[in-house]
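So you know, we letter chains A, B, ... as the sequences are listed, proteins then strands, and number each from 1. These values consider heavy atoms only, across backbone and side chains, with no hydrogens, waters or symmetry-generated copies.
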Amino acid sequence: MSRTSVRARSPLPEAEVSPCIPPWADPNQGAVLRASADPIQTLHEEPAEAEVVSHRLMLRAGLVRKLAGGVYSYLPMAIRSLRKIENIIREEMNRAGGQEVLLPALQPSDLWEKTGRWQAYGPELFRLADRHERPFALGPTHEEVITDLVSQLVRSYRQLPFLPYQIQTKFRDERRPRFGILRGREFIMKDAYSFSASEDDARQIYVRMQETYARIFLRLGLEHRMVEADSGLIGGNLSHEFMVMADSGEDTVISCEKCSWASNIEKAPDARVCPHCGASVSSRTAIEVGHVFYLGHKYSAKMETTFLDASGNEIPFFMGCYGIGVSRIMAAAIEQAHDGQGIVWPVPIAPYRTAILPLGPGMAEKPEVLALLASIESLWPDEVYFDDREVRPGIKFQDADLRGFPFQVILGERHVEKGNGEIKIRRTGERVVAPLTEVPSLLSRLAQAPLPEA
RNA sequence: CGGGGCGUGGCGCAGCCUGGUAGCGCACCUGCUUUGGGAGCAGGGAGUCGAAGGUUCAAAUCCUUUCGCCCCGACCA
């Protein structure tokens, strides 16, 4: 095809092509999702397959659909929430000195043979063969791949420390996938690996990652605890888990009522009193969403990956690894924050911050409603779900509650004709009536209200 | 992997025991009415009954095999 014909068919005017951001591509100009143009509907009835509340609500609210046991498609609303979770994690990992990479999910078996995990991982490891019958695995975790990679990249202690991380789909052929997204066979995870020249440095990074994780969960708007934990298959002798508190959690956290000590009950099954200060302990159920491990030489020694230290000696890397279950966080957030009407998203990870619900025929086209839509849109670009469907008010209320938008701007005849609008706060049910012109600034203030607890 | 349960329009279910024209609610489409908490009436579309084999004049239904899904126990982000 000739150059001219391409230009002739281009929908964009030639004059606009420039290295700068043209006005029609202003990234700050967000998009409104109009409900009338959204094919994805909510479900009124409980899906029979779903037992736990997050799974039921995710199906009902149109967040996910199941393809096979433990394998789910993420629909647009879920992706919006996942991207927000990922971006908070990215910002905090970068702040902590991490560098994002993307490693292959498809991994040749020989790396796994080197660490002995081709056998040790057992049936949990998804295995397949290529056309030449060469064995591969679908990565359940990436210690082998990253250690191999870093050994090629780093030869000197001067290049350390190094803290690569990635956000990627992991594959684990669970004995028993269940609870929807909470325990899938395919799930999204952030995994980070630290490479240090000394044990001291490695432990410093371990502590920095503990702090980073605490910041992440605080920013996500989730009530959580850091607890002492077992290391399991990943290995090492020092590890902590990050737990999101939820009544339906599979894990039990015991924590001291006086000091800051807390542990997974698996790690301290017989603790009746705090081992640090002797005070009494209490227990709560929770969902594990993050895990940090100090690995030391576990992988670097087995894989014989070394660097040259300041005295010219070849020594193995001192390693740590740090995981966060991204997709699990989304489900755990719903487990933690929901009510009889549906999801109650924390503001930082809600698919849309606010819904706008014009009520009654023609209300969605009224100039004052469109003006308000535009001003909220400029306040919160790409954060507005505009329910312009021609359906009865009750359906809009039910859907907005089910989908859990933190705010609902309700525009009914009774208020709009007086120049007012109503804001409903999803979490508390509280309603505020204000002049239409003041609704955006009111929303802005409400969204900055302190987090419930952390 | 051991134990229990279930596969019937997109979703929730009935029908199966005692074989005989596949049905109900929701959702969907058309029309009219309705519009602050899942509206009403009328009409309509949509299912090889998980799959394969067998018994029978005839199978969603009985028999055999198989696949899938959910729940309870040992693990994990």
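Checking His55(A) against Gly325(A), the closest nucleotide of RNA chain B that is more toward the 5' end is the one next to His55(A). Residues Pro393(A) and Glu124(A) each lie close to RNA chain B; by heavy-atom proximity, the contact nearer the 5' end of the strand is made by Pro393(A).
Across all strands, Lys170(A) comes closer than 4.0 Å to no nucleic acid atom at all (heavy-atom distances). Glu390(A) comes within 4.0 angstrom of nothing in the nucleic acid, heavy atoms only. Here Gly184(A) lies in heavy-atom contact (under 4.0 Å) with a base. Nucleic acid contact for Gly412(A): base, since at least one base atom lies under 4.0 Å from a heavy atom of the residue. Within 4.0 Å of Ile188(A), counting heavy atoms only, lies no atom of the nucleic acid at all. Contact annotation for Ala50(A): no contact, since no heavy-atom pair falls under 4.0 Å across all strands. Using a 4.0 Å heavy-atom cutoff across all strands shown, Asp401(A) reaches at least one base atom of the nucleic acid. Within the 4.0 angstrom heavy-atom criterion, base atoms lie near Val391(A).
Distances shorter than 4.0 Å separate some side-chain N or O of His291(A) from OP1 or OP2 on A77(B). In terms of phosphate contacts, Arg392(A) brings a side-chain nitrogen or oxygen within less than 4.0 Å of OP1 or OP2 of A39(B). Of the side-chain N and O atoms in Gln41(A), none sit less than 4.0 angstrom from OP1 or OP2 of C11(B).
You'll find the ring centres of Trp345(A) and Phe405(A) outside the 6.0 Å limit. Taking the six-membered ring for Trp and the full ring otherwise, Tyr193(A) and His142(A) have centroids separated by 6.0 Å or more.
Among all heavy-atom pairs drawn from Ile254(A) and Ser283(A), the shortest one is CG2-CB, 3.6 Å.
With Phe187(A) as the aromatic partner, Arg172(A) does not meet the cation-pi criteria of under 6.0 angstrom to the ring centre and within 45 degrees of the ring axis.
Contact of Arg178(A) with G73(B) (side chain to base): no donor-acceptor pair of N or O atoms is detected under 3.5 Å. Taking only distance into account, the side chain of Glu422(A) meets the base of G36(B) through a donor-acceptor pair shorter than 3.5 Å. With hydrogens and angles ignored, no donor-acceptor pair under 3.5 angstrom links the side chain of Arg60(A) to the base of C11(B). A donor-acceptor contact under 3.5 Å is formed by the side chain of His415(A) with the base of G36(B). Residue-to-nucleotide contacts include a donor-acceptor pair under 3.5 Å from the side chain of Asp251(A) to the base of C76(B). A donor and an acceptor atom sit less than 3.5 Å apart, one in the side chain of Arg328(A) and one in the base of C76(B).
Summarising the base pairing, G12(B) is matched to C24(B) through a Watson-Crick or G-U wobble pair whose two defining distances lie under 3.5 Å. A52(B): Watson-Crick or G-U partner is U64(B), with both key distances under 3.5 Å. Using Watson-Crick or G-U wobble geometry with both donor-acceptor distances under 3.5 Å, U34(B) finds no partner in any strand shown. With a 3.5 Å ceiling on both atom-pair distances, U18(B) lacks any Watson-Crick or G-U wobble partner. Pair check for G43(B) finds C29(B); Watson-Crick or G-U wobble, both atom distances under 3.5 Å. Pairing partner, C1(B): G73(B), with both Watson-Crick or wobble hydrogen-bond distances short of 3.5 Å.
Screening Glu144(A), Gln107(A), Gln119(A) for a side-chain hydrogen bond (donor to acceptor under 3.5 Å, both in side chains) involving Trp112(A) leaves a single residue, Gln107(A). Partner of Ser54(A) under the side-chain hydrogen bond (donor to acceptor under 3.5 Å, both in side chains) criterion, out of Gln336(A), Arg328(A), Glu335(A): Glu335(A) alone.
Between Trp261(A) and His276(A), the angle of the ring planes lies from 30° to 60°, which puts this pair in the tilted group.
Relative to the side chain of Arg65(A), the nucleotides G38(B), C76(B), G10(B) differ in distance, and G10(B) lies closest. Nearest nucleotide to the side chain of Ala48(A), out of A27(B), C13(B), G25(B): C13(B). Here the side chain of Tyr72(A) is nearest to one of G38(B), C76(B), C70(B), namely C70(B). In this structure, the nucleotide among A77(B), G25(B), C72(B) sitting nearest to the side chain of Glu45(A) is G25(B). Residue Glu51(A) has its side chain nearest to C71(B) when only C72(B), G38(B), C71(B) are considered. Listed candidates were G36(B), C76(B), G37(B). Nearest to the side chain of Gln398(A) is G37(B). The side chain of Glu174(A) lies closest to C75(B), out of G36(B), C75(B), C69(B).
Between the side chains of His240(A) and Glu228(A), no donor-acceptor pair is found at a separation under 3.5 Å. In this model, no donor atom of one side chain and acceptor atom of the other lie less than 3.5 Å apart for Lys396(A) and Gln398(A). Judged purely by distance below 3.5 Å, without hydrogens or angles, the side chains of Thr141(A) and Glu143(A) pair a donor atom with an acceptor atom.
For C57(B) and C11(B), the P atoms lie 37 Å apart once the distance is rounded to whole Å. Comparing the P positions of U21(B) and U30(B) gives a spacing of 34 Å, expressed to the nearest Å. Nucleotides A22(B) and C16(B) have their C1' atoms positioned 12 Å apart, rounded to a whole Å. Between C72(B) and U56(B), the distance separating the two C1' atoms is 41 Å to the nearest Å. Between the P atoms of G37(B) and G73(B), the separation comes to 43 Å (whole Å). As rounded to the nearest Å, U66(B) and G10(B) have P atoms that lie 28 Å from one another. Comparing the C1' positions of A74(B) and G2(B) gives an interatomic distance of 10 Å, to the nearest angstrom. Rounded to whole Å, the separation between the C1' atoms of C28(B) and G9(B) comes to 11 Å.
Rounded to whole angstrom, the span from the CZ atom of Arg176(A) across to the P atom of A77(B) amounts to 19 Å. Between the CZ atom of Arg183(A) and the C1' atom of C75(B) there is a distance of 6 Å, rounded to whole Å. Atoms CZ (Phe179(A)) and C1' (C72(B)) sit 10 Å apart, rounded to a whole Å. Residue Leu182(A) contributes atom CG, which lies 19 Å from atom P of C75(B) at whole-angstrom precision. Distance Leu75(A) CG to G10(B) C1': 13 Å, rounded to the nearest Å. When the C1' atom of C6(B) is taken as reference, atom NZ of Lys66(A) falls 11 Å away, rounded to whole Å. Atom C1' of nucleotide G37(B) and atom CG of Leu402(A) are separated by 14 Å, given to the nearest angstrom. Summarising the geometry, the separation between CG on Leu411(A) and P on G36(B) is reported as 14 Å, rounded to the nearest angstrom.
Both geometric conditions, a ring-centre gap below 5.5 Å and a plane tilt below 30°, are not fulfilled together for Phe397(A) over the base of G36(B).
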